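Here the structure comes first, spelled out in structure tokens, and everything after it is commentary.
Per chain, numbering begins at 1; letters A, B, ... match sequence-line order. Nothing here was measured: the structure is a model prediction, and the numbers come from that model.
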Amino acid sequence: MLADARLGVAKKDSPETVVIDYSSPNLAKEMHVGHLRTTAIGDALNRVLTFLGDKVIPQNHVGDWGTQFGMLLAFLEERKLAGEEPGSALSDLEEFYRRSKARFDESEEFADTARSIVVALQSGDAEYLAAWQQFIDISLSHCQQAYDRLGVLLTREDVHAESAYNDDLAQVVKDLESAELLKEDAGAKVVFLEEFKGRDDKPQVVIIQKKDGGYLYATTDLAAVRHRVRQLKADRSLYVVDARQGDHFKQVFKVAEKAGFVPEHVSLEHIGFGTVNGKDGKPFKTRSGDSIKLTGLLDEAEERAYQLVQQKNPDMDEGELREIARVVGISSIKYADLSKNRNSDYIFDWDLMLSFEGNTAPYLLFAYTRIQSIFAKGKVDPALLEGPIQLLHPKELELGNHLLGFAEVVAKVGERGMPHLLATWLFELAVLIHSFVEACPVLAAETEASKLSRLSLSALTAKCLATGLDLLGIETLEKM
RNA sequence: GCGCCUGUAGCUCAGCUGGAUAGAGUAACUGGCUUCGAACCAGUCGGUCGGGAGUUCGAAUCUCUCCAGGCGCGCCA
């Protein structure tokens with residue numbers, strides 16, 4: 001296991017093609033705290049499944065289509081007519097969105113204009129398309145900055161926006177028609193699902209095409225299902241999306257299945273997750289009730305980590321301090337998210353996630369650096385260690401036993417889409433290594449054989465920690 | 001009204017595809033640095049697993065029911 005770069009984790013005998021839909025922000029506004037979970041969890045699953053040998057195709061299904069963009073474009077047009085410089089309006093997307101939304105809510109006439117612009121956009125109006133493209137470019141570059149800071153694998157290439165399905169929508173409608181699923185109801189084209197009951201015991205309804213001819217997100221998601229199955233050849237298609245959309249996906253999956261979009265062997269899985277709440281147990285917001293922007297959150301994490309790291313290392317130089325604070329800050333946020341069972345809501349608490357005690361990123365990072373410092377002190381190159389490992393002391397035995405579970409836990413994370421299983425395992429490993437280091441002198445072991453064994457055991461633990469954290473998308477530090 | 005999720009120690013969370021005295025961390029209290037990082041470790045204290053009923057040799061885990069909280073339900077995404 002020590003000599004094995006894969007640490008005993010075998011590649012799957014029959015690898016699958018797995019499409020993972022994650023992050024998928026709405027480009028009409030900036031990314032906020034709500035995007036943290038889908039991005040962190042999806043990225044971890046991407047890494048784990050890739051490690052297990054699957055072919056993973058990430059899909060960043062960004063929201064760049066629909067009523068909101070009609071709203072933004074309508075507002076942009078209105079501002080231009082009022083003589084405002086459009087460039088300045090675009091510099092603060094969030095503010096622009098807020099003002100547009102206010103207009104949309106206050107004026108029925110404005111709302112109608114917005115909706116008609118959507119229809120024009122969806123049918124390819126060149127002028128609107130150009131203006132729309134501006135929004136998208138600005139917004140996407142903001143997203144990419146956040147991904148880079150978070151150490152998330154997503155790139156521009158993984159973006160497959162809602163708009164990309166625009167040309168497929170009419171075909172989806174035709175397919176549903178020929179499958180005899182589509183019905184007319186109050187002017188809209190809908191599918192009734194007898195499988196699920198809605199209000200008044202009637203079947204649930206999925207709106208495919210609005211009475212004004214516009215399409216809704218269920219239609220886009222159906223087109224996406226087809227695309228993922230047919231073009232991307234998905235065996236598994238994962239949707240890392242807020243649990244509140246559970247009903248929506250249940251419906252879309254059912255319609256897709258009935259329409260024959262999904263071959264027998266393909267599984268569509270909604271990887272749902274709970275809400276991020278503040279300390280009061282209510283959704284995490286600013287004092288004024290706005291959603292918390294992701295970039296601001298990352299800034300704060302780094303700043304708080306900086307204060308802590310500086311306290312522990314008053315003599316360290318500024319550059320190193322900043323770098324360590326960056327890793328500690330970002331890791332803490334990601335780990336706090338990934339270490340919890342995704343099904344439940346969780347409480348976002350700065351003090352708990354940045355603590356050096358308990359199931360936190362700093363504690364795990366410290367365990368790793370503690371081992372590294374033993375190697376440094378003993379002038380040992382851990383890469384050259386190859387055992388043999390003998391488990392004589394009870395602490396050695398516990399540690400050794402735990403290490404053997406690595407392959408199993410990684411496989412489980414892949415099957416169930418539950419990164420917290422790996423996080424828990426890593427935390428347990430960190431506890432055991434700390435305990436081992438206290439109880440068993442490594443460099444000052446009684447015999448040469450014991451010293452070699454303990455060094456090897458430490459090296460293996462360090463490799464598992466580093467590999468495990470990397471699978472969660474978390475960087476390690478040599479020193480902190 | 002229908003449906004989904006959650007309820008485990010003061011707090012934050014595991015465990016929930018059934019298995020032994022329900023586990024961590026934190027807080028509170030003890031103890032341990034001339035010895036590999038005390039950013040640590042060892043220990044004490046702390047629980048009607050929301051309530052009740054059922055299935056089972058065995059239930060935090062499965063079923064039913066009630067309670068509490070959150071969320072979702074026809075032209076937003």
Should [N] form a Watson-Crick or G-U wobble pair with both distances under 3.5 Å, which nucleotide is its partner?
N: B/rC4; answer: B/rG70
N: B/rC64; answer: B/rG52
N: B/rG10; answer: B/rU26

| request: Sequence neighbours left out, what passes side-chain contact (heavy atoms from CB on, under 4.5 Å) with A/Glu108? Give chain and number order. | output: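 Checked A/Glu108 against side-chain contact (heavy atoms from CB on, under 4.5 Å); matches are A/Asp112, A/Arg115.
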Please produce a list of atom pairs where a protein N or O lies less than 3.5 Å from an N or O of nucleotides 9-18 of chain B.
residue: B/rC13; atom: OP1; partner: A/Ile347; partner atom: N; Å: 2.6
residue: B/rA14; atom: OP1; partner: A/Asn341; partner atom: N; Å: 2.5
residue: B/rG15; atom: OP1; partner: A/His420; partner atom: NE2; Å: 2.7
residue: B/rG15; atom: OP2; partner: A/Asn341; partner atom: ND2; Å: 3.4
residue: B/rU17; atom: O4; partner: A/Arg416; partner atom: NH1; Å: 2.5

| request: Name the closest nucleotide to the A/Glu162 side chain, picking from B/rC40, B/rA77, B/rC36. | output: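 Nucleotide nearest to A/Glu162's side chain: B/rA77.
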| Nearest listed nucleotide, side chain of A/Arg370, among B/rC36, B/rA38, B/rA24 |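 Of the candidates, B/rA38 comes closest.
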| Does a nitrogen or oxygen in the side chain of A/Arg454 sit under 4.0 Å from OP1 or OP2 of B/rC36? |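 Negative; the distance criterion is not met.
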| task | Rounded to whole angstrom, note down the C1' distance from B/rG18 over to B/rU12. | result |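 Comparing C1' positions in B/rG18 and B/rU12 gives a spacing of 27 Å.
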| task | Report yes if some heavy atom in the side chain of A/Phe375 is under 4.5 Å from a heavy atom in the side chain of A/Ile371; otherwise report no. | result |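 The answer is yes, as the side chains (C-beta and beyond) meet within the 4.5 Å cut-off.
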| Tell me: OH of A/Tyr239 to P of B/rA77, nearest whole Å? |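 Between P of B/rA77 and OH of A/Tyr239: 17 Å.
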Between protein and nucleotides 73-76 of chain B, what N or O pairs are separated by less than 3.5 Å?
residue: B/rG74; atom: OP2; partner: A/Arg199; partner atom: NH1; Å: 3.0
residue: B/rC75; atom: O2; partner: A/Lys211; partner atom: N; Å: 3.0
residue: B/rC75; atom: N4; partner: A/Asp185; partner atom: O; Å: 3.4
residue: B/rC75; atom: N4; partner: A/Ala186; partner atom: O; Å: 2.7
residue: B/rC76; atom: OP2; partner: A/Lys210; partner atom: NZ; Å: 3.0
residue: B/rC76; atom: O3'; partner: A/Thr67; partner atom: OG1; Å: 3.4

